[in-house]
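Heads up: the structure comes next, in structure tokens.
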Amino acid sequence: MGGNRKAVVIGAGIGGLAAAVALRRVGFEVEVFERAPELRAAGFGLSVMSNATAALAALDIDLGLEKRGRVMETYRVKDHKGRLIREFPFPEITRRIGVPCVCISRADLLAALLDQAADVPITLGATAERFEVAGDRARVRFTDGAWAEADVLIGADGFNSAIRRQITGPGEPARDSGYIAWLGITDYSHPRFAPGSVVHLWGDGMRFGLVDIGRGRLYWWGTKNMPYARSSTWNEGKAGVLAAYSGWPDEVREAIRVTPPADLLTLNTRDRPFLRPWGDGPVTLLGDAAHPMLTSLGQGSAMAMEDAAVLALHLRHAADVPSGLRGYEAARYDRTRTIVEATRSISDFEQSQGPVRRRLRDAYFRWMPHRSLVGKLEPALTFPGAGLPSGTGEGANR
């Protein structure tokens, strides 16, 4: 596309900032609007999987995350007594791909994206209300009465996206995960937790994760099956979390014990039925606004960063904005639908409750052939390319 083009991105989370960085890389003027009054990351971590890093590398974007987080060196799954179920081959796969998985706090990832987006104006306290399309441009109205206009409007405003709500109409259902989640980040050291480790422990309708995010810090998470009516009003604090994990290994209980109560986050995890299409004309969606998912595969942030790279690459090569956006969407539908559905299925299986289901779950992973396990994990960790037509030089697998 020739000429100067402007993009407005609604949302300054991981997907929105990644989109801003990627669009600037292909020559767009970009402005970001964020409803929060300040850019403040909630107290949790995540894994930036190899596919996300490879996607950004297609635009020569390097966030330098190894310096901010910790490269995953081992990934082990144990039972609630601390007995090994299986060592998962994530490090083996990422070594073959040639791109590491980096475990990091959300705050550090946002800081890395903000460094890359240093020349992008970000307006805080701007809550999008609705948009309209006039000719080949989009206008978005904010609750304070202000408007912004651009050639491209990207809804990256998360699970409760105002841009998505206008596309789908009010009352779109959300699907509860069926469990409550507790999250925390803390300084941590334990003789049974090695640096560079990711350890998941599975119990009866419960899980717990320990993740090294570098510089002596631990990100941990716990889940417990619970109906939404109870989980949405749960307020038992740190003592309640400790009580839930009574009898679990000391490395689990120590993580909870040393976490300041103010740094403990309680939430309900949800997704939505897969949406298609994501937009029309100069409007599209990205990240959780397009395809919210549960967390079992650790791919939520990675899918948003893949979206950002594929979006920018399609707009760089398209004859006009609408064809670029529809090409981006077509390239992403199957990939993101597969991950959303796999995440829901794996989440249900890992939360197995009752002695029969629990033993089946543990045995399934314990005895799965190595090649089969690699075959299940590797596709998600491999960036499939931008899905561009042949001849662009950027449609191949990377």
Which heavy atom of [X] sits nearest to which heavy atom of [Y], and what is that distance?
X	Y	value
L153	A138	CB-CB, 3.9 Å
D348	S177	OD1-O, 4.5 Å
F33	A126	CD2-CB, 3.9 Å
A22	A308	CB-O, 3.5 Å

- Heavy atoms from other residues, nucleotides or ligands near CG of D280 exceed 12 (cutoff 6.0 Å): no
- Message: Evaluate T74 against V198 for side-chain contact (heavy atoms from CB on, under 4.5 Å), listing each step before the verdict.
- Response: CA-CA 6 Å; T74 61; V198 173; over 6 Å; no
Do [X] and [Y] have side-chain N/O donor and acceptor atoms under 3.5 Å apart?
X	Y	answer
S105	D108	yes
E87	H370	no
N51	E306	yes
H291	D307	yes
T259	W220	yes
T123	E34	no
E149	W147	no
H80	D204	no
R358	Q353	no
S352	R361	no
D212	S197	no

- Determine, step by step, whether R207 and E350 satisfy the salt bridge (charged side-chain N to carboxylate O under 4.0 Å, His left out) criterion, reporting the C-alpha distance in whole Å, the side-chain angles of both residues, the deciding distance to 0.1 Å, and the verdict. CA-CA 8 Å; R207 291 178 289 155; E350 291 182 349; 2.7 Å; yes
Mind checking whether [X] and [Y] have parallel, tilted or perpendicular rings, split at 30° and 60°?
X	Y	answer
Y188	F193	perpendicular
Y219	F44	tilted
F88	F365	tilted
Y75	F90	tilted

Between [Y] and [X], does any NZ, NE, NH1 or NH2 come within less than 4.0 Å of an OD or OE carboxylate oxygen?
X	Y	answer
D157	R165	no
R217	D187	no
E92	R95	no

- Does the separation of the ring centres of Y333 and W278 fall below 6.0 angstrom? yes
- Item | Shared hydrophobic cluster for L315 and V133 (ILVMFWY, side-chain gaps under 4.5 Å) | yes
